[in-house]
Amino acid sequence: MDSRKKIIRKLQSTLSPRRYQHTLGVEKTAISLAKHYKTCEEQASTAGLLHDCAKNIPYEVMREYCKSYKINLSEFKDFPQIVHSFLGAEIAEKEYNISDHNILNAIRYHTTGRSNMTLLEKIIFLSDYIEPGRKTFEGLQEVREMVYVDLDRAVYMTLNSTIKYLLKMDVPIHPLTIDSEKYYRQLN
């Protein structure tokens, strides 16, 4: 897989060692879920590897990237922690030559989720949450078990837990996350 080697080489030069290890954990989890749900493992690998490709970009550089990729940073003023996922999709397309919109959307929505996600979007969203390198927190093991039983239920559990955490931290919650939680709650 030549493209994987190229992606790995570039990620090693742009991500911190900790973020790089997290990325490999997300890729491994995404491939495992892709096998389980009988979908394309290569798409899962690529999306897993690139989901945080913009995470370690310094803010000033990120501002320049957003300007050139026409991402309106003011839309993220209350949610600076999620800019990397929207910017990451742009960087994956332009700098890693990814043209598959399913992969790009999986990168774009891996932090917020969205209503009616594709299978790949759900796999990357959940892989980011449960990868083996994550520190244990309340509810994590339940989601790790549920992902192999009922993917939509696992998405709902993750969104619900994330919203509770953000409320506890008294930080704004992105509207996509709120809409996603409502959508997946109705499915359960």
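Keep in mind that this is a model prediction, so the values were computed, not measured.
In plain terms, the two heavy atoms of Thr112 and Thr177 that are nearest each other are O-OG1, 3.2 Å.
Of the residues listed (Val61, Leu15, Thr14), the one engaging Asn56 in a side-chain contact (heavy atoms from CB on, under 4.5 Å) is Leu15, and it is the only one.
Using a 4.5 Å heavy-atom threshold, the side chains of Asn105 and Arg114 count as touching. Here the side chains of Leu167 and Ile173 are in contact, with some heavy-atom distance below 4.5 Å. Residues Lys10 and Glu95 have side chains in contact (heavy-atom distance under 4.5 Å, counting atoms from C-beta outward). Looking only at side-chain heavy atoms (C-beta outward), Asn160 and Arg185 stay at 4.5 Å or farther from each other.
Heavy-atom contacts from other residues, nucleotides or ligands closer than 6.0 Å to NZ of Lys28 number 12 or fewer.
Tyr129 pairs by the ring pair (Phe, Tyr, Trp, His ring centres under 6.0 Å) definition with Phe137, not counting sequence neighbours. Taking His36 as the reference, Tyr148 meet the ring pair (Phe, Tyr, Trp, His ring centres under 6.0 Å) condition, with sequence neighbours excluded. In this structure, Asp150 has no salt bridge (charged side-chain N to carboxylate O under 4.0 Å, His left out) partners at least two apart in sequence or on a different chain. With sequence neighbours left out, Tyr69 forms a ring pair (Phe, Tyr, Trp, His ring centres under 6.0 Å) with Tyr65. Scored by the ring pair (Phe, Tyr, Trp, His ring centres under 6.0 Å) test, Tyr183 finds no partners at all (sequence neighbours excluded). Residues that satisfy the salt bridge (charged side-chain N to carboxylate O under 4.0 Å, His left out) test with Lys94, not counting sequence neighbours, are Glu90.
Between the side chain of Arg153 and the main chain of Leu187, no donor-acceptor pair closer than 3.5 Å is present.
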Show your working on side chain to side chain contact (heavy atoms under 4.5 Å, CB included) between Asp52 and His84 and close with a plain yes or no.
CA-CA 7 Å; Asp52 269 350; His84 77 278; 3.1 Å; yes

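Of the N and O atoms on the side chains of His174 and Asp78, not one donor lies less than 3.5 Å from an acceptor on the other residue.
Between Phe76 and Phe86, the ring-plane angle classifies as tilted under the 30° and 60° cut-offs.
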